[in-house]
Structures are given as C-alpha cells and as structure tokens.
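The structure under discussion appears below in the form of structure tokens.
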Amino acid sequence: MIYVGKVWKFGDDINTDAIIPARYLNSSDPLELAKHCMEDADPDFVKKISKGDIMIGGKNFGCGSSREHAPVSIKFAGISCVVAESFARIFFRNSFNMGLPIFDSLKAAREASTGDELEVDSETGKIKNLTTGKSYTAVPIPAFMQDLISAGGLMNYVVKKNEF
Amino acid sequence: MGMTITEKILAVHSGKAKVSPGELIIAKVDIALGNDITAPMAIREFERTQVKNVFDRDRIILVPDHFTPNKDIASAEQSKILRDFARKYKITHYFEIGEVGIEHVLLPEQGIVLPGELIIGADSHTCTYGALGAFSTGVGSTDLAAAMVNGRAWFRVPETMKFVYTGKPRKWVGGKDLILYTIGQIGVDGALYRAMEFTGPALKYIDMAGRFSMANMAIEAGGKNGIFIPDDITEKYVKERATKKYVFYESDEDARYADVIKIKVGDIEPQIACPHLPENTKPVGDLKDVILDQVVIGSCTNGRIEDFRVAADIMKGQKVAKYLRCIIIPGSQKVYLEALEEGLIEIFIKAGAVVSAPTCGPCLGGHMGILAGGEKALATTNRNFVGRMGHPKSEVYLSGPAVAAASAVTGKISSPEEVLK
C-alpha cells in the first residue's frame, strides 16, 4: 500500500490525552471520537485535514494511557498513517492491533514540516518527502506484526488462526 | 547467561526454557482486566468474532471505576455494556458499585493478582501489580478482546533496566517521591519499551503501598512493566489475601541489563512534578508561592490506607485553606471503611475536605473535581498532561500524600514541615 498525503506535524511526547481528551471517552463510537482528534493541541485540526493526510510526531508519540480510542480517533479522522521519531509502546501495539499504519523513522519525522507532501510505502518502509526530495527508510516491521497487518488486525488474526 | 525476573515470568508463560530481549512471543495470561472505558470496545470486538464463550470466566476482570458512579447517560451506557457482558458470561470478578474500587487498588487488595503471574489490563497503569513480583502490563482493548477469546497475548520481550536504591529515605519521603525523582532523572521515555526492575537495600523501607506507587508510574517513564523482587514485605501482604498458589521469582546474578542506575535515596526531598510532564520534577523546597485551587488525594497511585494515614497525620486539627477544594478519594470500599474506623475520615471532614466514593474521577478529568481554565491543582495522581484534570488551560502538579495534605492546609505547594512547625 502506498500512502501519499499532506503532513501535519506535532512535537515530542504527544500523549493520548492530547490525541483524544478523556472527557470524550464516555463514547467508543469511532466517528464520535474522530470529531475530537487532537482537539486540545489544535481545536480546528479535524476541520483542516483532508482524507489521506499524514500525521508526524516527535519522540514518544502516543505516550500515556492505553486508550485504543487514540489510534481509532486518528484513523477515523481520515489520517492515512503516522510517522514518528519513536512511539510509546501501548500506542505502538494498539495501532498494529486495530490497523492504523505507523512508521518509525527518526529522520523522516524530524526533517518534515507541516504542509510537505509525503509518500509512504507500507511494504518496503520507504518514505519519500516529495516536497524536499529526500528519501528515508522506516525501522523494519517484524514478520509477526506484518502478519497481523495482512490479516486485518489482531482479532481477524486470532479468529483465522485458531491456535494462536 | 541468566535471566531477569521479567524474562523468567515471560518464559514460563510462553512454554520456553529461555527468552531473550527483542524476541516476539505468544504467552498465556493469568488475568485479563478491563474497565468502563476500555472494556466496551473490547466487548464489541469479542462479540464480532461470534465465539461461544470466554476462555475462562474466573480470569477476566471487569472493573467499572473511571466514570462511576455513572457521571452521565453516555457513561451509564458504557457501564451497562460491562454489566450485561458479565451477566451473559457469568464473569466471576465483576465489581458493581458498592463493591467496586479503583482497579489497581482493588485487585491486589482482593488477592486476585499474585506474584509470578502474567497480567494484562486494558489500562496503562496495570503495571502497578509488578510491585508483587508479577509481570503486569497495560495493553489496548483489542488485546483484551483477543485474550478474552483464547487467554493469550503477544509480547516483545523487553530489555531490563535495573534501578538500585541505596540509603534510607528522609521523613515524608515515600515510594511516590522515589518514582517521581527517578522519572525526573531518566525522562518520560527513559525506559521506553523496557522493564524497570526496582532493587536495592533502601526498598526495605518502602511498604507495599509505596511499592505499588512506584510500579504504577513505570509507564510514565515509557516502561513496559515495573517490577520488584518479592521479599518478606511482599510475603506478608500476599499470604493473607491469596486464594490461589503463587510463585516468587528473582533475577539471576548473571542476568543481562540494558542499564543500571544507582540512586541514593537519602539525598531525595519530597518531589513535585510540575506541569505538563511527569519528568518535570523539583524538590518541594524549590517551589515557592504556587497558589492552589484544588488538592486531590487518591487514585491508583496513592489511594491506599497508608496514603490516607500520612495525609491525616498532617491534617489532624488543621483546616483546609480558604477557597481551596480538597478532595479525598479512598481507592476501595475496604480502604474507605478502614479510614472510617481509624478516624481518618473524621479528620478530613473536620478539616473541611470532601470525601468521595472510590473512583478514578478527576485524575483523568472524568468527574468529581474538574478544573476551570487557569486553575492549579496538586494531586497524588500520576499524570499532569495538558488538560488532564479538566480545562486545557488548567495546570496539574503531582506529589505524594504528605505534600498534598500540607499544601491543602497552607493553600500553596508546601512541605509537611511548614504545617507541623
């Protein structure tokens, strides 16, 4: 899968309260959660983005709570994938489990700016900044986690592979 | 090459003689936990698979503790999903209002989580149970759903960072101060993907409540789990509660560590984490004239009876400062009752504090003490992110119960000595 989209860049330690504030967690409806994605960091974020845009974070993206509502709100807001310098671990596993593509690339994240056009190839991990012309490679995804993605997330994997 | 306690527990649960950092494993889980925020999403995923039953009704724990007693209609609907699921599958450990407490106070207290176990919870502070010498880690709703189907979860075996605490803590310095200090040293991603193994002779001065506070906040340094080597203090706590067999593991002498960090606890003053990250720590003495609007004493970090004893020692015969709200939240019904019987509740009420039913409530900006724009709170909770306790322009400072109680009396961030002159 190749994702091409406009970059929206955020800083270091973007936590799950910033991605989806707890006051909206009395719902687990993906479309409801999507309405409030990044609201406290940028109240107009969901109005400004277009379907397929790419989110970029600094180090430790998604730190804080285990709420899967965070990757869900990003995905259903229309973001195609997230590239960051590094990911917090629960956000990392949640994204694979529920099917939000994420890519670990320190340089691609650091050198991109809001408004750049980015191209991400999920199979090879190649990332190209079409605005600056620079190319990068994301940290490779382990085989087991690639299987999770091809199965369409953890639940599909578990159901298909009864013995998991 | 030997193994760490974390590696040993992961090896046993994945049917292997040995595991190494970086290895991906599929392991059996002893306990899988969800709450009123995370379980509804897991239950939806579980029902979608159309499997006929849960893997083990005794090993799935449902604790509606975040927005309960239900704060609004939407929250009531979420709680109802848990209740209906618990009824349908006859879940043994579902806790209704009246029994419920904050999950990470409740489960150890009830002897449901034990040393040597592998525990996952769809709540990031599930790492709390590492204080018992268990491997315990926070996961998401889909992980919980998968575990409800087959009792398994996938893990990447973490590297371990060893923390060695030496010396003797000063008066008013507890587990919360040690962990805040540690996070201040290594940063909020200082232990990213790693196990944090807490060791050293100073830990004999830290009771189980303090150890739970420390393991609880491993996630605030990015850690996968925080873990203690079980000892006499663990044994004393566990033996009167356990209803199942448990196993004490310890790290081998030749176990491999990614890093070893030595901390002299005698040098540590009571700590404050300033807005808006838990790593922004300072000794309490460095903070002058931070005027507070609210103090919260409670949460999965500091909602145990020992925490309220410390707070009551300081608040006894004192009054909460004018225009300050002091909210006391016992972590469980048992803690509440003990506090009542010991006269602590009377001390808090006479001081002008309000005492709430057990709930996560204000810690995550849920209910029971939300901040307005521009307000400042000091809380014994675990996170001080932007907007964590309410308005995005409010501020949260974190501390242990001694500093929180003293500050409720003076109306500004203060050390206990300022009250007990």
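We name chains A, B, ... by the order of the sequence lines, and we start the count at 1 in each one.
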*Given a strict heavy-atom distance threshold of 4.5 Å, which part of S65(A) is in contact with chain B: side chain, backbone, both, or neither?*
both
*asked:* Using heavy-atom distances under 4.5 Å, tell me whether K71(B) contacts chain A through its side chain, its backbone, both, or neither.
replied: side chain
_Rounded distance (nearest 0.5 Å) linking atom CZ of F96(A) with atom OG1 of T142(B)_ = 13.5 Å
*Pick one of side chain, backbone, both or neither for P71(A), based on which atoms fall under 4.5 Å of a heavy atom in chain B.*
neither
*Does any heavy atom of chain B fall under 4.5 Å from the side chain of N94(A), the backbone, both, or neither of them?*
side chain
*Can you establish whether the number of heavy atoms outside K48(A) located under 6.0 Å from its atom NZ is more than 12?*
yes
*Which distance, rounded to the nearest 0.5 Å, do you find between the CZ of R89(A) and the CG of N225(B)?*
8.0 Å
_Heavy-atom proximity to chain B below 4.5 Å, by part of F92(A)_ = side chain
*asked:* For a 4.5 angstrom cut-off between non-hydrogen side-chain atoms, does E68(A) reach T38(B)?
replied: no
*Is it the side chain or the backbone of D36(B) that comes within 4.5 Å of chain A heavy atoms, both, or neither?*
neither
_Quick check: closest heavy atoms across S28(A) and P40(B), and the distance to 0.1 Å?_
OG-CB, 4.3 Å
*Tell me, out of K59(A), R23(A), R67(A), who's got the most heavy-atom pairs with chain B below 4.5 Å.*
K59(A)
_Minimum side-chain heavy-atom gap L25(A)-H66(B) below 4.5 Å_ = no
*Any idea which heavy atoms bring R93(A) and W154(B) closest together, and the distance?*
NH2-O, 2.7 Å
_Heavy atom to heavy atom, less than 4.5 Å: which residues from residues 106-132 of chain A reach chain B?_
none
*asked:* Looking at chain B, which one of P21(A), P142(A), G64(A) has the largest number of heavy-atom pairs inside 4.5 Å, strictly under?
replied: G64(A)
*What is the minimum heavy-atom distance between A22(A) and F67(B), and which atoms define it?*
O-CZ, 3.4 Å
*Can you tell which of S86(A), C63(A), S27(A) has the highest number of heavy-atom pairs within less than 4.5 Å of chain B?*
S27(A)
*Nearest non-hydrogen partners of L192(B) and A88(A), listed with the distance*: CD1-CA, 3.8 Å
*Pull out the residues in residues 8-18 of chain A that come under 4.5 Å of chain B, heavy atom to heavy atom, sorted by number.*
D13(A), N15(A), D17(A)
*Which atom of P30(A) lies closest to which atom of R44(B), heavy atoms considered*: CD-NH2, 4.2 Å
*asked:* Within the structure provided, determine whether N60(A) and V188(B) are in side-chain contact (heavy-atom separation under 4.5 Å).
replied: yes
*So which part of L364(B) gets closer than 4.5 Å to some heavy atom of chain A, the side chain, the backbone, both or neither?*
both
_Close side-chain approach of M155(A) to V149(B), heavy-atom, < 4.5 Å_ = yes
_Do I37(B) and H69(A) make a side-chain contact, defined as non-hydrogen atoms from C-beta onward lying under 4.5 Å apart?_
yes
*Can you tell which part of L277(B) gets under 4.5 Å to a heavy atom of chain A, answering side chain, backbone, both or neither?*
side chain
*chain A heavy atoms under 4.5 Å from E45(B): which part of the residue, side chain, backbone, both or neither?*
both
*Heavy-atom closest pair, residues I90(A) and G140(B)*: CG2-N, 4.2 Å
*Would you say the side chain of N156(A) lies within less than 4.5 Å of the side chain of R48(B), judging by non-hydrogen atoms?*
yes
